[in-house]
**Q** 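Have a look at this one before I ask anything.
A, B, ... follow the sequence lines: proteins, then strands. Residue 1 opens every chain.
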2 protein chains.
Amino acid sequence: MEYTVQQLARLAGVSTRTLRYYDEIGLLEPARINSSGYRIYGVNEVDMLQQILFYRELGLALEDIKAIITAPSFDAAQALREHRQKLLEKRAQLDALIENVNNTIEQKEGRSTMNDKEKFNGFKNKMMEENEKKYGKEIREKYGEDAVNKSNAKLMNMSEEEYRKVAELEMQLNETLAQAFAAGDPSGELAQKAAELHKQWLTFYWDQYSKEAHAGLAEMYVADERFTAYYDKDQPGTAKFLRDAILIYTGMGQRG
Amino acid sequence: MEYTVQQLARLAGVSTRTLRYYDEIGLLEPARINSSGYRIYGVNEVDMLQQILFYRELGLALEDIKAIITAPSFDAAQALREHRQKLLEKRAQLDALIENVNNTIEQKEGRSTMNDKEKFNGFKNKMMEENEKKYGKEIREKYGEDAVNKSNAKLMNMSEEEYRKVAELEMQLNETLAQAFAAGDPSGELAQKAAELHKQWLTFYWDQYSKEAHAGLAEMYVADERFTAYYDKDQPGTAKFLRDAILIYTGMGQRG
DNA sequence: AGTTGACCTTTACGCTGCGTAAAGGTGTAT
DNA sequence: ATACACCTTTACGCAGCGTAAAGGTCAACT
């Protein structure tokens, strides 16, 4: 099989510009050029491109990818380790940045700094935790025997790292939700993103996700005043808004 | 007070190019231009620049900074929250990348990398791990922002080969130290060799070595009982002995 | 044969935040 | 007068393409 730029591009899910660029920098040259000057790629090039895209997804620079795939004796694992080193340093920098930004925001808003536990507790308080478990019981009856037990086990079993992640997810969710609420459209991009974040957040507590259960919980946010109070604490109507967004997200809006 | 570009640049610790660029994009224009076309900055501009650099350190785009500082009614906290959102997303992406890279490395090396637990269990136990991190925090304060982050990154990044090396170094250190302790003289050849080995061992964990930090750690070996307990586990007094040897080795003994 | 319309080509600017010349004017001390 | 430190503007380069612009090619339809 032979392919023109566009055919290969479609096959691999990249743009034709990308392929021309790869040709330009000598990363992936076509098998041959036809009489009209068209780039013609063969099967080998398809394989090469797969490789290239694989490494690209790992975030390697094209120059590094070139070194890896053109020199057969090149130590790819070593290159990856060096790459990982860079990524880790980047993340460390990001962490420091986020810390600073957090502190600045808190300072600007006149709040004091909190430690992890306070953050966690401040977000979702004990009451909400109880509610979550309580709702879990209903899931258990509806969606399987030990879903709740697993959920609890999952919670108890959270490492500090996971703990941090879930707290972070919650922050993201709250922010996105607030912005989405301001925008006003539960089917809008922001609101759907909030629903997505809510799903991700849920998966920390629920062992298995289902659209039905997700939509069910959304309904409870409006039906149960304790949930409502929590989500409405800054902006009244947020719980309802979140429910609508989730119903749209799960596609369960038409049935209830 | 009035300043030329270079004077202001030196004052603020940026390049003159940066100031000209900020002028170019309208982020910070000089108070006036003198008859020769020189940029002249006044006290207001100094204050502005401080603000700009503050936000720049938080990683905001110059365009956003411009919005914040030029529009007095602008909600800086809101901008920061949106910025944080971006940072959090970036970090989530980075985490995913790192995961992928880790998996790829493992696969390529056929299980020759180890996870953190495996790395640590071999030689330093959990307690020492905590201590290392704890001391790391103090380094961070004393010797630079991200020394610790880099240190952790370095550790995560160790290949099996490097891991073996550090384990071997530790064995050598322990043996040499035991012999030196038996000999009794911290300035003696064996003790100094132990100090040297200790230094080499440290460089696996610290991104940059300095005599000051080395001597500081040595002091902590005596000051902090958890360190002491670790080094004294076979022969009481070993921690103290190692400290003395290191102080002599680093030439920092006279100051403490 | 002519004309679409979908494809192909090369050239080149734009994005971010400056670093780094290059080519030339200014200010001041010697 | 000369040297030297300072100032100016203009402009390329960096990574990895997106996005025109200006123009050939190929198959199909009128």
**Q** Could you tell me whether the phosphate oxygens of D/dG18, OP1 or OP2, come under 4.0 Å of any side-chain nitrogen or oxygen in A/Thr18?
**A** yes

**Q** Using whole Å, what does the distance between atom C1' of nucleotide D/dA15 and atom CD1 of A/Ile65 come to?
**A** 12 Å

**Q** Look at B/Asp64 together with B/Arg56 and state whether they make a salt bridge at an N to O cut-off of under 4.0 Å.
**A** no

**Q** How long is the line joining CZ of B/Arg17 and P of D/dC14, in whole Å?
**A** 16 Å

**Q** Salt bridge between A/Lys193 and B/Glu89, side-chain N to carboxylate O under 4.0 Å?
**A** yes

**Q** When you measure only distances, ignoring hydrogens and angles, does the side chain of B/Tyr38 come within 3.5 Å of the base of C/dG25 through a donor and an acceptor?
**A** yes

**Q** Relative to the ring of A/His198, is the ring of A/His214 parallel (under 30°), tilted (30 to 60°) or perpendicular (over 60°)?
**A** parallel

**Q** D/dC26, OP1 or OP2 - any side-chain N/O from A/Ser36 closer than 4.0 Å?
**A** yes

**Q** Once you apply a heavy-atom cut-off of 4.0 Å, does B/Thr4 come out as touching a base, just sugar-phosphate, or nothing?
**A** sugar-phosphate

**Q** Does C/dC18 have OP1 or OP2 sitting under 4.0 Å from an N or O in the side chain of B/Ser15?
**A** no

**Q** To the nearest angstrom, how far is B/Leu60 atom CG from C/dG17 atom C1'?
**A** 14 Å

**Q** In whole angstrom, what separates B/Leu19's CG from D/dT9's C1'?
**A** 16 Å

**Q** If each of B/Glu24 and A/Ile25 is mapped to the nucleotide of DNA chain D with the nearest heavy atom, which maps nearer the 5' terminus, i.e. the 5' end?
**A** B/Glu24

**Q** State whether A/Arg56 places a side-chain N or O below 4.0 Å from either non-bridging phosphate oxygen (OP1 or OP2) of D/dC17.
**A** yes

**Q** Expressed as a whole number of angstroms, how long is the span from B/Leu28:CG to C/dC18:P?
**A** 12 Å

**Q** Can you tell me the distance, in whole Å, between the CZ atom of B/Arg20 and the P atom of D/dA11?
**A** 16 Å

**Q** Does any non-hydrogen side-chain atom of A/Asp95 lie less than 4.5 Å from one of A/Arg91?
**A** yes

**Q** Does A/Arg39 pair with A/Glu29 as a salt bridge, N-O distance under 4.0 Å?
**A** no

**Q** Using atom OH of B/Tyr21 as one end and atom P of D/dT10 as the other, report the distance to the nearest whole Å.
**A** 16 Å

**Q** So, is B/Gln6 near the phosphate of D/dC7, with a side-chain N or O under 4.0 Å from OP1 or OP2?
**A** yes

**Q** Do A/Arg39 and C/dT9 have a side chain to base donor-acceptor pair shorter than 3.5 Å?
**A** no

**Q** Please give, in whole Å, the distance from D/dG16 C1' to A/Asp64 CG?
**A** 14 Å

**Q** Taking the minimum atom-to-atom distance to the side chain of A/Tyr22, which one of D/dC7, C/dT20, D/dC17 wins?
**A** D/dC17

**Q** On DNA chain C, compare the nucleotides closest to B/Asn34 and B/Leu62; which residue's is nearer the 5' end?
**A** B/Leu62

